[in-house]
Each structure stands twice: as structure tokens, then as C-alpha cells.
Number of protein chains: 2
Amino acid sequence: MEGPRKALPSTEELRIWRDFIETTEALRSELASRLQSESSLSPGDYAVLLALREAEGRRLRPSVLASRIGWQRSRLSHHLRRMERRGLVRRAECAADSRGAEVVLTGEGAEAFRRASLPHLRAVRELFVDPLGPAQLIAAEQLATTLRAGGGNHQAEAL
Amino acid sequence: MEGPRKALPSTEELRIWRDFIETTEALRSELASRLQSESSLSPGDYAVLLALREAEGRRLRPSVLASRIGWQRSRLSHHLRRMERRGLVRRAECAADSRGAEVVLTGEGAEAFRRASLPHLRAVRELFVDPLGPAQLIAAEQLATTLRAGGGNHQAEAL
DNA sequence: CCGATCTAATTGATGCGTCAACTAAAGGGG
DNA sequence: CCCCTTTAGTTGACGCATCAATTAGATCGG
């Protein structure tokens with residue numbers, strides 16, 4: 001059960017790794033920068049607004065919102081403070097639980113999301129979907145699936 | 001040359017996009033967190049130390065270092081200030097150009113890099129290379145190539 | 001040699017993200 | 001009813017990233 005397993009990656013493997021991770025990083029950053037310049041929204045803003053847009057009554061408890069977009073509560077809290085300052089959301093007291101709050105989408109927030117949405121989706125298409133084409137899109141999906149599983153099952157490939 | 005080109009991505013395409021980008025983000029963040037806990041180094045620290053390690057005399061002009069790791073000078077300057085405070089690098093005056101500086105790898109910095117390096121490479125193998133296997137590694141490389149090209153040639157796929 | 005301009009590098013302001021610490025109400029036994 | 005634990009949410013400190021502005025030496029045309 002021991003021994004010299006897990007040799008280091010070869011130069012070639014390392015090259016591919018760097019190439020891959022830098023490319024996805026560049027992609028994310030290009031998307032973010034377009035979103036920013038087209039609508040003054042950060043990816044975080046967009047995620048929050050999207051979740052609220054799809055929520056019952058356009059309002060959510062912070063905890064629920066946080067788990068829906070996969071953030072920690074603290075991160076969300078800080079982000080909401082900044083968004084509230086800009087008028088994109090507002091906080092309301094929660095009837096059911098007086099230590100809780102509710103985050104409500106404002107008209108301004110809804111409008112900002114509306115303006116951002118189409119250009120953003122077009123950018124996803126232009127920078128990701130179209131260049132890849134159907135075959136590589138499937139490959140991307142499979143890659144994601146493999147990588148997502150990879151972190152957990154350290155034994156899966158044991159011989 | 002106009003018309004209703006560039007329709008929006010389909011629900012399925014969007015799902016793959018989100019899956020892909022979130023997975024790569026999770027991967028990056030897992031790597032960063034292991035690096036941090038194993039060696040108290042951030043990915044930025046690692047990149048800087050690696051570049052210095054490989055440089056002639058283990059020193060570089062900030063501009064050169066910045067372009068070598070693909071950062072803006074300002075980002076590097078802020079980062080070097082933090083690294084200098086921790087004793088990982090030090091700044092020296094530059095003989096050839098008196099408005100310039102040189103960043104020098106300290107013994108402590110070299111030692112920190114040495115300690116971080118192997119576990120980091122092992123993590124790359126464990127989280128990326130091994131799960132993918134040879135075939136998907138090639139697929140990843142091709143994906144990166146396609147995506148990297150994708151941003152520039154907006155006409156490439158025009159019919 | 002002199003002034004216009006370019007370049008190296010830093011700085012300050014501000015947004016984003018994480019961690020640990022804190023506040024305060026809810027719930028659940030006794 | 002009271003205490004104890006859990007849960008909701010915020011806060012403060014700090015590192016990281018970008019942008020615009022700044023400082024100061026290099027450089028070049030005259």
C-alpha cells in the first residue's frame with residue numbers, strides 16, 4: 001500500500017496543465033471584463049441578481065441565496081453591503097425569524113440584470129460555445145465531470 | 001453581413017458552460033488552498049518564486065519578471081511589497097538603470113519554494129493529470145488551444 | 001546642454017474573498 | 001422558565017487585483 005507511487009508530472013503533462021489552467025483563467029477574466037464594461041456588473045453581482053430574479057417574490061433569505069450560488073455567508077454579506085450601496089438590492093426584515101433578513105431585488109437591480117443578460121450570454125456563445133463546436137463541447141462536459149469526481153475518489157484508479 | 005446571427009446559447013450549452021467554468025474554478029481553488037496550507041504560499045508567491053528560481057543570478061528586473069509571469073507592473077509591485085515583508089524576496093538597486101530596481105530571491109524564499117514545490121506538483125498530478133488519463137489530457141490540451149484561439153478570430157467560423 | 005517625451009516603478013483608492021470572531025435570536029431539554 | 005447549544009447574519013482584519021495618478025530617471029531631437 002506504499003512505495004514510490006505518485007511520481008511527479010512530466011514536463012509535457014505540466015505544460016498541458018499550465019496551458020489549460022491559464023486559458024480557463026483568461027476566459028473567465030475576459031468574460032468578467034466584458035460584463036463590467038457593458039453593464040458595470042461583476043460576475044458576483046450577476047450571480048446574485050440571477051438568483052434573485054429566479055426566486056419566488058424576487059427575494060431570498062441570505063442563507064438560501066448563499067447556498068444557491070455556492071458562497072459562504074460571510075462573502076455574501078460583504079457583497080450585499082456593496083450591492084445595497086449601489087441600489088441593486090435591499091435588505092428587509094424577516095417576518096418568520098427575527099434574527100434573519102431578506103434580500104430583495106430592487107427595480108434598479110432587475111433593470112441592471114436585464115441590460116447585462118443578453119450581451120453576457122452572447123459573449124459565452126462567442127468565446128466558448130462557438131469556438132468549441134459540438135464535439136469539443138461534449139469533451140468539455142466530460143472533462144468537467146472527470147475533474148469534479150477526481151478530487152474525491154483518490155482510490156478510484158488504484159490497480 | 002448582418003441578420004439574426006449569434007443566437008443565444010441553448011439551455012444545454014449554458015449548463016455545460018457553467019459546469020465547466022465552475023469545475024475549473026474549484027480546481028484552481030483546491031490547488032491554492034493546498035499550497036497555502038502546506039507551505040504558506042499563495043499561487044502568486046509561487047509564480048514569483050519560480051520565475052526568480054529560474055532566472056540568471058536569481059534576480060530580475062521587475063518589468064522583466066512581470067512580463068515573464070504575465071502580470072501588470074502594478075500588481076507585481078504590490079505583491080513584492082508583501083513578499084518582501086515576509087522575507088521571501090528583497091529589492092536591490094539596479095546598477096544599469098538608476099530608476100530601476102532588481103528583485104532578488106532570498107535564501108528564505110528559495111527554501112520556501114523548495115518546500116512547496118514537490119507537494120504542489122504532486123497535487124497537480126493527483127487532481128488533474130491522474131484523473132484525466134492520457135486521452136482526456138490530450139482533449140484538455142486541444143480545448144485550451146481552441147479556446148485560446150477563439151477570442152481573436154471572430155470570423156474564423158463564418159460561413 | 002535643454003526641454004519634450006517615454007519608460008520604470010510605486011502609490012492610493014477601491015472592490016473582491018477568506019478567515020476568525022462576534023451578536024443575537026431560535027430551539028430544546030431539564 | 002432557564003440554560004445550553006445551534007443557527008442567522010454581520011463585522012474586522014488582511015491578502016489579492018485593477019485602475020488611475022504620480023515620481024523620477026532615461027533618452028532623443030535640436
Side-chain angles (χ1 to χ4, degrees), chain A residues 22 25-26 28-37 39-49 59-104, chain B residues 22 25-26 28-37 39-49 59-104:
Chain A
E22 279 164 18
E25 172 54 26
R28 165 194 343 283
S29 124
E30 174 66 15
L31 260 292
S33 129
R34 291 192 186 199
L35 193 58
Q36 189 66 244
S37 66
S39 59
S40 301
L41 256 34
S42 70
D45 299 332
Y46 190 85
V48 168
L49 294 176
R59 63 179 57 217
L60 283 173
R61 301 287 299 267
S63 302
V64 176
L65 175 51
S67 86
R68 216 165 273 193
I69 62 183
W71 286 11
Q72 300 193 311
R73 283 201 312 264
S74 148
R75 175 179 175 184
L76 181 61
S77 185
H78 286 301
H79 206 98
L80 289 177
R81 175 173 40 75
R82 292 186 294 259
M83 291 181 75
E84 193 171 25
R85 210 168 10 143
R86 292 189 287 152
L88 299 172
V89 300
R90 108 189 125 70
R91 281 165 157 109
E93 305 225 323
C94 178
D97 184 338
S98 67
R99 73 205 193 276
E102 273 192 327
V103 190
V104 188
Chain B
E22 279 163 19
E25 173 53 27
R28 167 193 341 284
S29 123
E30 174 65 16
L31 259 294
S33 129
R34 292 193 185 198
L35 193 59
Q36 188 66 244
S37 68
S39 59
S40 300
L41 255 35
S42 69
D45 298 334
Y46 191 85
V48 168
L49 295 176
R59 61 180 57 215
L60 282 173
R61 301 288 300 267
S63 303
V64 176
L65 175 51
S67 87
R68 216 166 271 192
I69 63 185
W71 287 11
Q72 300 192 311
R73 281 202 309 263
S74 149
R75 176 178 175 186
L76 181 61
S77 185
H78 286 302
H79 205 99
L80 289 177
R81 175 173 40 75
R82 292 186 294 260
M83 291 181 75
E84 192 170 26
R85 209 168 8 139
R86 293 189 287 152
L88 299 171
V89 300
R90 107 189 126 71
R91 282 166 157 110
E93 305 224 324
C94 178
D97 185 338
S98 67
R99 73 206 194 274
E102 273 192 328
V103 190
V104 187

Out of [options], which nucleotide sits closest to the side chain of [X]?
| X | options | answer |
| --- | --- | --- |
| A:P62 | C:dA9, C:dA26, D:dG9 | D:dG9 |
| A:R73 | C:dT10, D:dT10, C:dA25 | D:dT10 |
| B:R61 | D:dT10, C:dA8, D:dA8 | C:dA8 |

Return the value, rounded to whole Å, for the distance between atom [atom1] of [X] and atom [atom2] of [N].
| X | N | atom1 | atom2 | value |
| --- | --- | --- | --- | --- |
| B:E102 | D:dG25 | CD | C1' | 16 Å |
| A:R81 | C:dG15 | CZ | C1' | 10 Å |
| A:E93 | D:dA8 | CD | C1' | 14 Å |

Salt bridge present between [X] and [Y] (N-O < 4.0 angstrom):
| X | Y | answer |
| --- | --- | --- |
| A:R82 | A:D45 | no |
| B:E102 | B:R61 | no |
| A:E25 | A:R28 | yes |
| B:R91 | B:E84 | yes |

A:S77 vs D:dT11: side-chain N/O to OP1/OP2 distance below 4.0 Å: no
Under 4.0 angstrom between A:R91 side-chain N/O and D:dT10 OP1 or OP2: yes
Heavy-atom side-chain contact between A:S63 and A:R73 under 4.5 Å: yes
B/S/- contact track for nucleotides 16-24 of chain C, protein heavy atom under 4.0 Å: BSBBB----
Nearest heavy atoms of A:V104 and A:A92, plus distance in Å: CG2-CB, 4.0 Å
